[in-house]
Amino acid sequence: MQTPGEKYLIKYLIKSIKRLGTKAYIINIGANTSLVIEKELDGADCDFIEDRTDVIDSRVEYLKLNKTYICSVEEMREVSNDSYDIVFANFVLEHVDDLNNSAKEINRILKNEGSFVTSIPNPQAPEFLISKFTPLWFHQYIRGEGEGEGHEAHETKYSYKSIKEFVEIFESKGLKLVEKNFTPFTFGYLYRFPIIGFISKIYDKIIHRLGYERLMGNVCLAFEKK
């Protein structure tokens with residue numbers, strides 16, 4: 001199930017790539033071996049060349065793929081300075097230990113006036129509070145079994161206590177917030193449980209209508225290099 005944060009990230013990527021007017025050089029941070037986002041970009045007829053990084057080998061068969069790097073976002077030594085028009089990370093940065101180093105590295109590899117866009121969970125939202133203070137096996141049970149089906153759960157670090165703190169860290173490293181989107185999506189974690197899933201849908205609609213960003217779990221943030 002595609003999350004609202006991922007959908008907004010893709011929408012922003014399409015807009016940013018087309019706005020450049022020339023071939024965009026982009027890098028997918030924490031890419032794994034998924035090509036879900038790339039297929040969406042191809043479908044929108046975006047002109048780009050992509051590099052990929054992850055702590056595992058993220059090489060895939062993809063015509064627009066240039067280089068792959070095996071490294072953490074916290075330390076991307078092999079990746080050159082000022083190389084990319086756009087850097088993006090889809091639900092990755094909640095898994096890193098050192099967000100300050102991650103922000104510094106992302107700023108380093110971005111070109112001047114380049115864009116960084118990321119989807120992240122809001123650690124103050126109820127579903128992620130549960131995730132933060134429960135064992136990984138419990139989170140996996142809620143998400144459901146099945147690697148490759150979008151259900152897999154991975155250990156989260158939450159080295160930011162709030163979205164405000166996340167933004168402050170990135171702005172302190174030379175990036176300016178230019179766009180944000182908050183969406184409630186407790187249904188995305190509880191849809192397997194019929195009654196609770198139905199209640200979560202109602203809850204999401206109420207929170208969205210009231211505009212309580214603090215309780216909205218899916219967040220997409222876009223920054224530009226100052």
Side-chain angles (χ1 to χ4, degrees), residues 2-3 5-18 20 22-121 146-157 159 170 173-175 220-225:
Q2 199 171 47
T3 67
E6 183 178 51
K7 288 179 181 178
Y8 199 89
L9 179 142
I10 292 168
K11 179 181 175 182
Y12 193 88
L13 286 175
I14 291 170
K15 179 175 69 174
S16 299
I17 292 170
K18 290 189 171 183
L20 281 170
T22 58
K23 190 181 293 292
Y25 288 85
I26 71 176
I27 186 166
N28 186 345
I29 301 293
N32 206 308
T33 55
S34 172
L35 286 171
V36 171
I37 292 174
E38 288 77 4
K39 289 177 181 177
E40 295 272 2
L41 298 180
D42 288 339
D45 196 26
C46 291
D47 189 16
F48 65 91
I49 294 174
E50 182 185 82
D51 290 349
R52 296 162 72 85
T53 75
D54 207 324
V55 293
I56 63 169
D57 189 348
S58 59
R59 281 178 293 181
V60 289
E61 291 293 328
Y62 183 56
L63 287 174
K64 293 182 180 179
L65 178 62
N66 182 36
K67 297 178 182 178
T68 58
Y69 301 94
I70 300 178
C71 60
S72 166
V73 62
E74 297 159 279
E75 192 175 288
M76 299 184 286
R77 292 181 181 178
E78 294 181 34
V79 185
S80 301
N81 297 349
D82 309 312
S83 297
Y84 299 100
D85 299 298
I86 301 167
V87 175
F88 71 94
N90 184 37
F91 287 102
V92 171
L93 296 174
E94 67 273 21
H95 301 289
V96 303
D97 287 301
D98 193 332
L99 192 61
N100 278 280
N101 268 359
S102 300
K104 184 178 178 181
E105 283 288 86
I106 287 168
N107 182 65
R108 177 182 66 80
I109 67 174
L110 259 180
K111 294 179 181 178
N112 287 334
E113 300 183 358
S115 298
F116 167 59
V117 57
T118 182
S119 52
I120 54 172
E147 286 284 337
E149 295 296 327
H151 305 306
E152 61 270 17
H154 302 286
E155 185 180 3
T156 48
K157 307 290 186 177
S159 52
F170 275 80
K173 304 306 178 189
L175 295 166
C220 186
L221 302 173
F223 298 84
E224 287 184 1
K225 186 170 180 175

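No experiment lies behind these values; they were computed from the predicted model shown. These numbers come from the heavy atoms of this one structure, side chains and all, not from hydrogens, waters or symmetry mates.
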* To do: May I have all residue pairs that pass salt bridge (charged side-chain N to carboxylate O under 4.0 Å, His left out) and include part of residues 27-40, sequence neighbours excluded?
  => Glu38-Arg52
* Using a 4.5 Å cut-off on heavy atoms from C-beta on, say whether the side chain of Leu110 contacts that of Phe223. => no
* Structure fact -> To the nearest 0.5 Å, atom CG of Leu9 lies from atom CZ of Phe88 at 7.0 Å
* Which atom pair, heavy atoms only, marks the closest approach of Ile17 to Phe48? -> CD1-CD2, 4.1 Å
* Any Ser119 side-chain heavy atom under 4.5 Å of Tyr8 side chain -> no
* Between Asp51 and Asn66, is any side-chain donor less than 3.5 angstrom from a side-chain acceptor? -> yes
* Gap between atom CG of Asp47 and atom NZ of Lys23 - 0.5 Å precision -> 3.5 Å
* In sequence, state the C-alpha distance, the side-chain angles, and the governing distance for Glu50 and Leu41, and then conclude on side chain to side chain contact (heavy atoms under 4.5 Å, CB included). => CA-CA 11 Å; Glu50 182 185 82; Leu41 298 180; 5.6 Å; no
* For the atom pair CG (Leu35) and OG (Ser58), what is the distance rounded to the nearest 0.5 Å? -> 10.0 Å
* Asked: Around atom CG of Asn81, are there more than 12 heavy atoms of other residues, nucleotides or ligands at under 6.0 Å?
  -> yes
* Closest non-hydrogen atom pair between Tyr12 and Ala222, with its separation -> CZ-CB, 3.3 Å
* Structure fact -> Heavy-atom closest pair (Ile70 atom, Ile56 atom, distance to 0.1 Å) is CG1-O, 4.0 Å
* Asked: Listed by chain and number, what are the side-chain hydrogen bond (donor to acceptor under 3.5 Å, both in side chains) partners of Lys64, not counting sequence neighbours?
  -> Asp42
* So does Lys104 have more than 12 non-hydrogen atoms from other groups sitting under 6.0 Å from NZ? -> no
* Is a donor on one side and an acceptor on the other found under 3.5 Å between the side chain of Glu105 and the backbone of Met76? -> yes
* Can you find a pair of side-chain heavy atoms, one from Val92 and one from Thr118, that are under 4.5 Å apart? -> no
* Structure fact -> So CG of Asn28 and CD1 of Ile86: to nearest 0.5 Å the spacing works out to 12.0 Å
* Nearest-0.5 Å distance that lies between atom CD in Glu74 and atom CD1 in Ile106 -> 10.5 Å
* Structure fact -> In short, Glu6 meets Asn90 closest at the heavy-atom pair OE2-ND2, 2.9 Å
* **Beyond-backbone contact of Tyr84 with Ile26, side-chain heavy atoms, under 4.5 angstrom** => no
* **Non-hydrogen side-chain atoms of Cys220 and Val117 separated by less than 4.5 Å** => yes
* Asked: Any idea which heavy atoms bring Glu224 and Ser115 closest together, and the distance?
  -> CG-OG, 4.2 Å
* **Side-chain heavy-atom pair Leu93, Leu99 within 4.5 angstrom cut-off** => yes
* Could you note down all residue pairs passing salt bridge (charged side-chain N to carboxylate O under 4.0 Å, His left out) where residues 75-92 supplies at least one of them, sequence neighbours left out? => Glu75-Arg77, Asp82-Lys225, Asp85-Lys111
* Asked: Near Leu63 CG, under 6.0 Å, is it more than 12 heavy atoms from other residues, nucleotides or ligands?
  -> no
* For residues Asp57 and Thr33, report the shortest heavy-atom separation together with the two atoms involved. => O-CG2, 4.0 Å
* Structure fact -> Which of Asp97, Asn107, Val96 passes side chain to side chain contact (heavy atoms under 4.5 Å, CB included) with Ser102? It is Val96
